[in-house]
2 protein chains.
Amino acid sequence: MPRPPAQTDLAVLGALSLAPMSGYRVRQEIVSTLGHFWTESFGQIYPALARLEARGDVGRDDAGRFTLTPAGRGRLRALLQTPPEIGPPRNGLLLRLFFGREAGRRTCLDLLAETEQEVTRRLAGLAETRATLDPTDPDERYALLTLSAGEHQGRATLAWIAETRAALESWPD
Amino acid sequence: MPRPPAQTDLAVLGALSLAPMSGYRVRQEIVSTLGHFWTESFGQIYPALARLEARGDVGRDDAGRFTLTPAGRGRLRALLQTPPEIGPPRNGLLLRLFFGREAGRRTCLDLLAETEQEVTRRLAGLAETRATLDPTDPDERYALLTLSAGEHQGRATLAWIAETRAALESWPD
DNA sequence: TGCTTCATGTAATAAGTTACATGATTGC
DNA sequence: GCAATCATGTAACTTATTACATGAAGCA
């Protein structure tokens, strides 16, 4: 029998640890703050909920919303201690830049400009989310730590872009 | 008919733009320097080569090695100008940290420590690869730019870890 | 009443890894 | 001669997305 995708279970159980909610809301919860660094689609969430309910990790309350059972909370805690699964790296920008000689300097600079815009947009999104969070709420303090990670990454990318642009422009063609 | 995965074609054509080589070597080429931010498996490479050969983008030389045809070079240049496909974000560390309240401070600190080790290893790998490259070679200059991106990202992650560790330790439990 | 959002689910499709099968070459 | 590496390919399996089908609830 196929082993269930543990990280999807983690995300679903985690969402339900905040409050009982429908599958639809689980998705919304994941999309909102968590969406900056994690996604789940309906095609994952509903089968996961069905699986978890069969296992006894989630139940239903009077209103029909999914709830986290004591067993589910235990499983969530166990999953939180497992090492993150690292996916194979796939960075489309760097793939293109690697063959930059073939593309020409102009194309590389264009790619960097597009990326810069996108990262800037992403940073703005993070700032917007940050503004909605309360630094004194014990739950939201952890969310702020994850936002901070995104901000560090984004700023590092911008710094690298500036450096790379300068390098490209200084080379003879 | 299913549209061929463009980024795999890009990686394969790019490898062949460096020199004619076997499919096996294409993989090795991708694994070595490019491997820090891109991967392809045999299950992708051989079908891609067959497809590209049928299209006339790659041919064979006397020794049976795959070569880039003029048409293939044109297609490579076209692909290099396409915007990178951005995959959905999936950061297992941040997913866990987000629900850190449930996990407890101790578990979060452990996760950070593991990540720190891994990033440090990754930075060492980048430095090792950097040492093998010649900054004056026009092809390898582009490879150095991509390595630099990895170094920026890695250092940013380490800085965020230090900051996050300090924050976690300052909180009341 | 009719429009939008909420809600649940499934089927088709896509993308990619792993493991296996098979054989040629090369170095010792 | 034998082991390791080079080389090509395929089949099974995972994982995940997208699109679709369906209908209830809220509100204008």
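Naming convention: chains lettered A, B, ... in sequence-line order (proteins, then strands); numbering from 1 in each chain. Small disclaimer: the values here were computed from a predicted structure and weren't measured.
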Participant: Where do A:Arg73 and B:Glu102 land on the salt bridge (charged side-chain N to carboxylate O under 4.0 Å, His left out) test, with the steps shown first?
Facilitator: CA-CA 9 Å; A:Arg73 189 169 298 269; B:Glu102 197 66 41; 2.9 Å; yes

Participant: Consider only side-chain N and O atoms of A:Arg96 and B:Thr82, and report whether a donor and an acceptor are under 3.5 Å apart.
Facilitator: yes

Participant: Output the rounded distance in Å from CD1 (B:Ile45) to C1' (C:dA15).
Facilitator: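 Going from B:Ile45 (CD1) to C:dA15 (C1'), I get 15 Å.
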
Participant: How long is the line joining CZ of A:Arg90 and C1' of D:dA16, in whole Å?
Facilitator: 14 Å

Participant: Name the closest nucleotide to the A:Pro5 side chain, picking from C:dT17, D:dT17, D:dA16.
Facilitator: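 The answer is D:dA16, which lies nearest to the side chain.
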
Participant: Enumerate all atom pairs, one protein N or O and one N or O from nucleotides 5-9 of chain D, separated by less than 3.5 Å.
Facilitator:
| residue | atom | partner | partner atom | Å |
| --- | --- | --- | --- | --- |
| D:dC6 | OP2 | B:Tyr24 | OH | 3.0 |
| D:dA7 | OP2 | B:Ser22 | OG | 3.3 |
| D:dT8 | OP2 | B:Gly23 | N | 2.7 |
| D:dT8 | OP2 | B:Tyr24 | N | 3.1 |
| D:dT8 | OP2 | B:Tyr46 | OH | 3.3 |

Participant: Tell me which pairs pass ring pair (Phe, Tyr, Trp, His ring centres under 6.0 Å) where either residue lies in residues 61-97 of chain B, with sequence neighbours left out.
Facilitator: none

Participant: How many Å lie between CD on A:Glu85 and P on C:dT18, as a whole number?
Facilitator: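 One finds 12 Å between P of C:dT18 and CD of A:Glu85, rounded.
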
Participant: Please test B:Leu16 against B:Leu52 for side-chain contact (heavy atoms from CB on, under 4.5 Å), starting from the C-alpha separation and ending with a verdict.
Facilitator: CA-CA 12 Å; B:Leu16 292 178; B:Leu52 292 167; over 6 Å; no

Participant: From CD of B:Gln44 over to C1' of D:dT10, roughly how many Å is that when rounded to an integer?
Facilitator: 14 Å

Participant: Within this structure, what is the CZ-to-P distance between A:Arg27 and D:dT18, rounded to whole angstrom?
Facilitator: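 Taking CZ of A:Arg27 and P of D:dT18, I get 9 Å after rounding.
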
Participant: In whole Å, I'd like the distance from the CZ atom of B:Arg65 to the P atom of C:dT25.
Facilitator: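 In whole Å, C:dT25 P lies 15 Å from B:Arg65 CZ.
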
Participant: Could you walk me through whether A:His36 and A:Thr146 pass the side-chain contact (heavy atoms from CB on, under 4.5 Å) test, one step at a time?
Facilitator: CA-CA 9 Å; A:His36 292 295; A:Thr146 65; over 6 Å; no

Participant: Taking all heavy atoms of A:Arg122 and all of A:Gly150, pick out the closest pair and write down the distance.
Facilitator: NH2-O, 4.3 Å

Participant: Taking only side-chain N and O atoms of A:Ser41, does any of them lie within less than 4.0 angstrom of OP1 or OP2 on D:dT15?
Facilitator: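 Checking A:Ser41 against D:dT15: no side-chain N or O falls below 4.0 Å of OP1 or OP2.
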
